[in-house]
Amino acid sequence: MGHWINQLLAQFPFTVTYYAERRDCLEKGKCIPDKAILFNYVVMAGEDKEQWWDYIYRITNGYNKKYMRKPDFSNDILEPFEHAYCYATSQGCGYYAILNEQNHNFYMRTFRKKVMVDYFLLEILALYQYYSILKFTKNMEGELSAEREKYQLESEDILRVLKNLSAEINIFLVKSVYSSVSHISHQNDFYEYLLRRLRIRENIEGLTIGLESLEKLQEARERERIQRIESLENEEQELSDDRLNIGLGLISILALVSAIADGYGAADALVKLFHLPECMRVWISVILLILVVIIAVIAISSIVPSIKRSRRKRKRWKERWKNKNVK
């Protein structure tokens, strides 16, 4: 059956990717599934319900008589109408009708087209969702590393990959997963039944929860990384301000030295300007010298702590920039 389906698909120009545990390899080296997923529409006659269950179980799954169904098998069956049964697994799906005098014409003629138009297409939709989730899982496995160190050292790159995967999955969920597919209740019931049997919602939840948790973790790491960089940039700015203050202090000291050298000349000018006695020249020089010394002491006392603080900051700043976690 798998080879027959593959021959049919080979006529189309697109490439088919197979998801199957067991595969048969063709002569050309191409491996295909050893069986195909089938949608069955079967009408049966008779009164033996246990025999119905055996047929439904084996036809849907493609099993032979060696496979025995479980005792509570009937709990897995959807019964949309009297004498009508739906059964779905990951191996196949089927709509099974039990004939009697009242429904014979309906199930043999009228309902056959409706099965193809409605129920078969709903099965295709569910399978599309099921295998799309497998595809996303495979993509995540290929793009995300299993090494814990990768998520500690490359938060920016990992976060970009996570956001791309999250965007693809969310687009798929918005465009291809539905809560309702029809205004007819029994068709919606069949769709919900397929979702349960294929565990589509559980698979979506498992896929998105893990991705969201990992994305939140990486976002937190990225925020910490940005905060560290901003902190280093602030410290660098403070170092620059300290250097500026030290430079201004040194210029002030040089100006004071120059003022000391010119102190005597200033005293002589004041004596001549105000016609003061010659003895005042010495006192004025001493007063000016004392003022210059006081200002110099204040300037030096403010510069020395700045120099020490600047050295400590620069040493700490260099050590943090060497940290390999900060890019």
Side-chain angles (χ1 to χ4, degrees), residues 2 5 9 14-23 31-40 56-57 60-63 67 69-70 72-73 75-78 80 86-95 118-148 151 158-182 186-219:
I5 295 295
L9 295 175
F14 50 79
T15 302
V16 178
T17 300
Y18 296 103
Y19 291 87
E21 294 183 359
R22 296 189 307 171
R23 301 185 180 190
C31 292
I32 64 170
D34 64 343
K35 62 180 295 185
I37 296 176
L38 300 180
F39 182 90
N40 307 286
I56 291 172
Y57 176 73
T60 301
N61 293 292
Y63 293 156
Y67 288 87
R69 58 182 173 84
K70 60 182 182 178
D72 57 346
F73 168 74
N75 296 333
D76 297 334
I77 292 179
L78 174 69
C86 300
Y87 180 54
T89 68
S90 58
Q91 287 81 32
C93 179
Y95 193 104
D118 296 334
Y119 292 90
F120 173 70
L121 293 182
L122 290 176
E123 163 72 357
I124 294 298
L125 174 60
L127 288 176
Y128 168 71
Q129 296 172 359
Y130 178 80
Y131 286 103
S132 294
I133 297 170
L134 288 182
K135 177 179 178 294
F136 285 123
T137 303
K138 182 179 179 181
N139 291 346
M140 289 180 61
E141 181 182 359
E143 296 189 34
L144 296 179
S145 173
E147 300 177 9
R148 182 183 60 184
Y151 300 93
I158 294 295
L159 184 59
R160 183 171 59 253
V161 172
L162 290 173
K163 287 187 176 297
N164 290 338
L165 288 172
S166 180
E168 292 178 4
I169 293 173
N170 286 326
I171 291 173
F172 162 74
L173 295 178
V174 170
K175 297 183 65 175
S176 304
V177 179
Y178 315 100
S179 58
S180 178
V181 292
S182 174
H186 63 82
Q187 293 178 1
N188 280 322
D189 292 342
F190 179 69
Y191 174 69
E192 287 292 329
Y193 170 75
L194 292 176
L195 296 185
R196 291 195 305 272
R197 293 295 297 162
L198 296 177
R199 301 181 180 274
I200 290 175
R201 287 202 174 95
E202 290 89 338
N203 293 338
I204 291 175
E205 184 178 1
L207 182 68
T208 54
I209 286 179
L211 187 61
E212 289 174 359
S213 299
L214 195 56
E215 187 175 356
K216 289 179 180 178
L217 175 62
Q218 292 306 118
E219 286 177 347

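Residue numbers run from 1 in the order of the sequence given.
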How long is the gap from [atom1] on [X] to [atom2] on [Y], to the nearest 0.5 Å?
X: T60; Y: Q91; atom1: OG1; atom2: CD; value: 10.0 Å
X: R197; Y: E123; atom1: CZ; atom2: CD; value: 11.5 Å
X: S182; Y: Y191; atom1: OG; atom2: OH; value: 12.0 Å
X: Y178; Y: L195; atom1: OH; atom2: CG; value: 12.0 Å
X: S179; Y: E192; atom1: OG; atom2: CD; value: 8.0 Å
X: F172; Y: I133; atom1: CZ; atom2: CD1; value: 5.0 Å

Minimum heavy-atom distance between [X] and [Y], given as atom pair plus value:
X: N203; Y: L198; answer: ND2-O, 3.7 Å
X: D76; Y: Y87; answer: O-CD1, 3.8 Å
X: L165; Y: M140; answer: CD1-CG, 3.8 Å
X: C93; Y: L194; answer: SG-CD2, 4.0 Å
X: F190; Y: L78; answer: CA-CD2, 3.8 Å

* To do: For the residue pair T208 and L173, establish whether any side-chain heavy-atom pair is separated by less than 4.5 Å.
  =>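 Yes; the side chains approach each other to less than 4.5 Å.
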* With side chains defined as the heavy atoms from C-beta onward, is the minimum distance between Y67 and N61 less than 4.5 Å? ->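 The answer is no, as the side chains (C-beta and beyond) never meet within the 4.5 Å cut-off.
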If we ignore hydrogens and angles and just use 3.5 Å, is the side chain of [X] paired with the main-chain N or O of [Y] as donor and acceptor?
X: Q129; Y: S176; result: yes
X: N40; Y: Y95; result: no
X: R69; Y: Y57; result: no
X: Y119; Y: F39; result: no

* Asked: Should R199 and E205 count as an ion pair when the cut-off is N to O under 4.0 Å?
  ->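 Not counted as a salt bridge, because no side-chain N and carboxylate O are separated by less than 4.0 Å.
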* **For E202, all residues meeting side chain to side chain donor-acceptor pair (under 3.5 Å), sequence neighbours excluded** =>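 E202: no side chain to side chain donor-acceptor pair (under 3.5 Å) contacts found.
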